[in-house]
Amino acid sequence: MSDKPSKTVYITTPIYYVNGSPHIGSALTTLCCDVLARYQRMRGHEVWFLTGTDEQATKCFEAAAEAGKEPLQFVTDLAAEFRAAWDGMDFAYDDFIRTTEPRHVSVVQEVFRRLRDSGDIYKGTYEGWYCVSDETFFRDTDVKPDGLCPNAECRKPLRRVQEENWFFRLSAYGDRLLEQIEANPGWLQPEFRKNEVIAFIKQGLRDASVTRGNNGWGIPVPDEPDKVVYVWFDALINYLAATGWPTDMERYEQLWPADAHLMAKEIFVRFHATMWPAMLMALGLPLPKQVYAHGWWVGATGQKEGKRTGGLPHPLALADELAGLTGAEKSVAVDAVRYLLIREMVFHGDSEYSHEGFLKRYNTDLANDIGNLCNRTVTMASRYFEGAAPTPAGVDEEVRAFAAQAAADYAAALDEYRFNGALEAAWRLVARMNRYIEEKTPWALAKRGERGELATVLYTCLEAVRVVACLVAPVMPTASAALFRQIGMEGASATWDDARGWGLLPAAAALPAPAPLFPRIQEAPAAAAQPAAVKPAAQPKEKPVTEAPAPAPAPEGPATITYDDFAKVELRVARVLAAERIPKADKLLKLTVDLGTEQRTILAGIAEMYEPEEVAGKQVVIVANLAPRKMRGIESQGMILAADTEGQAILLQPETEVPAGARVR
RNA sequence: GGCGGAGUGGCUCAGUGGUUAGAGCGAACGGCUCAUAAUCGUUAGGUCGUGGGUUCGACUCCCACCUCCGCUACCA
């Protein structure tokens with residue numbers, strides 16, 4: 001993952017919004033980062049695994065008020081809850097950054113200052129609608145007459161606001177972003193989401209408002225304390241702030257650029273693949289090496305009419321349930337959940353969560369396959385060789401090669417974020433060994449007194465279990481340690497050389513009394529009650545992703561054009577003969593206009609401002625030589641000129657009546 | 001509306017031109033007995049969304065259509 005062995009491998013999750021308890025969605029990202037971090041450490045790399053919480057949002061402030069708590073206390077309590085959940089899931093993060101910490105606040109302000117000085121952040125005026133809940137601006141054209149938030153999941157009343165804001169010149173970075181994407185094929189992943197980013201950028205980026213009015217919460221804008229930094233602009237900077245930039249440059253050099261940003265798909269396109277790299281470009285800093293968006297867990301569809309019955313369990317609740325059903329140690333049950341989440345997931349896409357499927361796979365993969373393999377191996381070795389690992393009479397080359405191949409496949413899969421592929425590779429070895437035992441029938445060898453062969457076979461089995469213990473270590477650290485203990489290697493650490501090696505189990509190692517590592521679920525899985533869901537919509541309840549609109553008057557207009565350029569545009573006066581609404585189109589009117597020499601059909605996005613009967617009879621200015629374009633199945637043969645104020649269209653008309661078709665210049 | 005993804009045995013999925021389309025789970029049958037009623041083997045089961053086309057040959061390429069999903073969009 002890292003091309004420079006000397007550089008620390010820096011892996012991040014997004015920082016999570018502290019508006020509720022952690023759920024399976026944020027747990028998934030964090031789990032995958034944890035697995036990668038543990039794997040990279042196993043490969044001998046220095047690793048820095050960062051996660052944290054996003055606490056500067058206005059929503060947090062308001063949620064605190066509702067809860068009757070001081071805002072800082074409120075977010076501190078929730079941050080502690082996240083840490084407790086992650087600790088409970090055995091996530092070994094190296095740093096947990098909170099955006100209310102001084103080390104974050106100061107860097108955000110420094111970034112703001114630098115970009116303001118460089119002109120990448122400029123002042124503009126915004127007038128329009130604002131949703132406090134979503135912390136998002138909306139243009140008039142985005143808002144329906146009901147005055148409610150356009151976000152279907154919000155629908156709260158909007159506020160009319162007019163304020164001076166600072167804008168980030170995102171629009172200036174589209175081309176450079178596209179160049180970066182093209183020059184670095186593996187940068188944005190997976191591929192199909194990269195294509196979404198390209199489409200998003202190509203349609204044109206708008207400058208983004210990066211400040212809000214200060215209502216007592218948020219990071220104050222330098223020198224302008226009546227404003228705070230917009231929460232998204234603030235949040236992304238955490239990745240940089242955690243490195244110590246710009247004060248601890250030694251540490252920064254060791255960590256930056258990040259090797260991998262992982263996040264769920266909804267915050268990929270606009271933020272991690274667009275805004276964040278643009279911000280870094282503006283700062284003149286290197287970009288993260290890889291940005292990967294994974295999918296979501298979606299609710300089970302098994303029930304009637306395929307309806308999404310939302311409600312995914314909290315991962316720790318799932319672990320509690322497994323511990324209850326099996327009698328396993330809590331830490332082992334946590335490992336089981338870690339395994340099941342990783343194994344059942346199609347990382348790049350959405351995965352269907354099936355509670356029954358999880359429990360079933362617990363029995364098949366963990367209890368039956370790996371747990372029983374270990375148990376039967378240790379039981380036989382212990383029984384036939386007086387409680388110690390046998391000394392082999394030779395090496396089973398076929399199994400040794402098979403194990404090496406499994407390790408290679410495992411590594412290849414993890415390098416491509418195919419987590420389930422890595423586990424499949426490990427399980428191929430498990431299945432091979434269960435077959436191996438049937439083929440070799442050690443019990444028969446014991447009966448016949450073939451001690452040499454018996455020793456080799458059982459040592460081979462123990463070795464294979466050792467390799468499996470190494471391979472599962474990143475996913476199931478506790479279970480890995482338990483496997484080592486069972487084969488007489490208590491306290492052994494799993495390095496990658498151990499995973500690839502063979503014959504590393506010390507001969508005559510004392511074997512403890514065998515005990516099932518993953519006790520089976522006896523109860524029929526279908527009858528097991530599903531643990532309480534965290535909340536109805538258990539998907540990551542993320543911040544809205546609507547960007548702020550560009551300011552009304554852009555300080556710098558578009559580049560100048562020559563007169564010849566202008567002369568290409570054929571503007572003419574036309575009279576509207578008829579106007580009608582188009583079914584299912586909120587904004588479009590279909591106009592029939594008279595150009596003197598001909599009549600044309602033109603579609604115009606003015607339905608929200610003008611009734612059809614208002615428009616009919618008016619003289620308007622049209623672009624007569626614009627390429628036709630179909631909308632709503634109707635071809636528009638020109639374009640009506642209108643003034644754009646507050647997103648509303650006001651038609652332009654000649655001062656006095658002129659002949660239809662008159663040229664405008 | 002545009003762009004993109006998906007539609008393969010009961011379930012979850014793999015499979016980007018070439019013998020009888022694969023895996024896991026589930027099912028049936030059989031073996032074994034070291035083991036957590038575990039394990040191993042065998043078998044059943046798919047007109048690969050629909051209809052055309054290209055090709056000696058298509059799940060795999062092309063066209064149209066249907067269904068589901070994602071991104072984006074009604075202001076030309």
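None of these values were measured; they are calculated from a predicted model.
Along RNA chain B, the nucleotide nearest Asn375(A) and the nucleotide nearest Ile640(A) are compared for position; the residue whose nucleotide lies closer to the 5' end is Asn375(A). For the pair Val197(A) and Met380(A), both in contact range of RNA chain B, the more 5′-proximal nearest nucleotide belongs to Met380(A).
Exactly one residue among Asn372(A), Asn368(A), Thr364(A) makes a side chain to side chain donor-acceptor pair (under 3.5 Å) with Arg520(A). That residue is Asn368(A). The only member of Leu505(A), Val399(A), Val472(A), Leu429(A) that meets side-chain contact (heavy atoms from CB on, under 4.5 Å) when paired with Val467(A) is Leu429(A).
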Q | Trace of the side chain to side chain donor-acceptor pair (under 3.5 Å) decision for Glu438(A) with Asn434(A) | A | CA-CA 7 Å; Glu438(A) 298 297 324; Asn434(A) 274 321; over 6 Å; no
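The residue Ala199(A) sits apart from the nucleic acid: no heavy atom pair falls under 4.0 Å. Within 4.0 Å (heavy atoms only), Leu517(A) reaches at least one base atom of the nucleic acid. As judged by a 4.0 angstrom heavy-atom cut-off over every strand, Arg520(A) is placed among the base-contacting residues. Residue Pro442(A) is out of contact with every strand shown, counting any heavy-atom pair closer than 4.0 Å. At the heavy-atom level, Met639(A) lies under 4.0 Å from the strands shown only through sugar-phosphate atoms. No contact: Asp365(A) has no heavy atom under 4.0 Å from any strand.
If you take CG of Leu483(A) and P of A35(B), they are 19 Å apart, rounded to a whole angstrom. When the C1' atom of C13(B) is taken as reference, atom CH2 of Trp427(A) falls 18 Å away, rounded to whole Å. Met433(A) places its CE atom 12 Å from the P atom of C40(B), with the value rounded to the nearest Å. Rounded to whole Å, atom P of A76(B) lies 10 Å from atom CG of Leu641(A). The NZ-C1' distance, from Lys202(A) to G2(B), rounds to 14 Å in whole Å. Protein atom CD of Glu439(A) is 10 Å distant from nucleotide atom P of C40(B), rounded to whole Å. Protein atom CD of Glu191(A) is 13 Å distant from nucleotide atom P of G4(B), rounded to whole Å. One can place CZ of Arg376(A) at 7 Å from P of C40(B), the figure rounded to the nearest angstrom.
Distance check on atom P: G45(B) versus G10(B) gives 12 Å, rounded to whole Å. Taking the P atom of each, G70(B) and C13(B) are spaced 16 Å apart, rounded to whole Å. Between the P atoms of U8(B) and C48(B), the separation comes to 11 Å (whole Å). For C59(B) and U16(B), the C1' atoms lie 10 Å apart once the distance is rounded to whole Å. Comparing the P positions of A64(B) and A21(B) gives a spacing of 30 Å, expressed to the nearest Å. Rounded to whole Å, the C1' atom of G22(B) lies 14 Å from the corresponding atom of U60(B). The gap from the P atom of C11(B) to that of C29(B) amounts to 22 Å, rounded to the nearest Å. One C1' atom belongs to G2(B), the other to G15(B), and the distance between them is 31 Å to the nearest Å.
Remark: G70(B) base-pairs with C3(B); criterion is Watson-Crick or G-U wobble with both hydrogen-bond distances under 3.5 Å. Taking a pair to require two hydrogen-bonding distances under 3.5 Å in either a Watson-Crick or a G-U wobble arrangement, C11(B) pairs with G24(B). Pairing for C32(B) is absent, with no Watson-Crick or G-U wobble pair whose two atom distances lie under 3.5 Å. Figure legend. A64(B) is base-paired to U50(B); pairs are counted as Watson-Crick or G-U wobble with both atom distances under 3.5 Å. With a 3.5 Å ceiling on both atom-pair distances, C75(B) lacks any Watson-Crick or G-U wobble partner. Taking a pair to require two hydrogen-bonding distances under 3.5 Å in either a Watson-Crick or a G-U wobble arrangement, U19(B) remains unpaired.
For the pair Lys265(A) and Trp296(A), the cation-pi criterion (under 6.0 Å, within 45° of the ring axis) is fulfilled. Both the sub-6.0 Å distance and the 45° axial angle are not jointly satisfied by Arg428(A) relative to the ring of Tyr410(A).
Checking U72(B), C34(B), U39(B) against every side-chain atom of Phe200(A), the shortest atom distance belongs to U72(B). Counting only heavy atoms from C-beta on, Arg193(A) has its side chain closest to G70(B) among G70(B), U36(B), C34(B). Among the nucleotides G70(B), G26(B), A38(B), the one closest to the side chain of Asn368(A) is A38(B). Of the candidate nucleotides C25(B), C40(B), C34(B), C40(B) has the atom nearest to the side chain of Asn434(A). The side chain of Trp443(A) sits closest to U33(B) out of U33(B), U39(B), G70(B).
Inter-residue side-chain proximity for Leu178(A) and Ile198(A) is flagged as met; some heavy-atom pair is nearer than 4.5 Å. Side-chain contact between Ile181(A) and Ile201(A): present, with at least one pair of heavy atoms (C-beta onward) separated by less than 4.5 Å.
No donor-acceptor contact under 3.5 angstrom links the side chains of Glu191(A) and Asn195(A), judged on distance only.
Using a 4.0 Å cut-off, some side-chain N or O of Arg435(A) falls inside it from OP1 or OP2 of G41(B). Residue Arg361(A) places none of its side-chain N or O atoms closer than 4.0 Å to OP1 or OP2 of U12(B). Here Arg343(A) does not reach the OP1 or OP2 of U12(B): none of its side-chain N or O atoms lies under 4.0 Å away.
If you check distances only, the side chain of Glu438(A) does reach the base of G31(B) with a donor-acceptor pair under 3.5 Å. For Asn372(A) against A35(B), a side-chain-to-base donor-acceptor contact under 3.5 Å is present.
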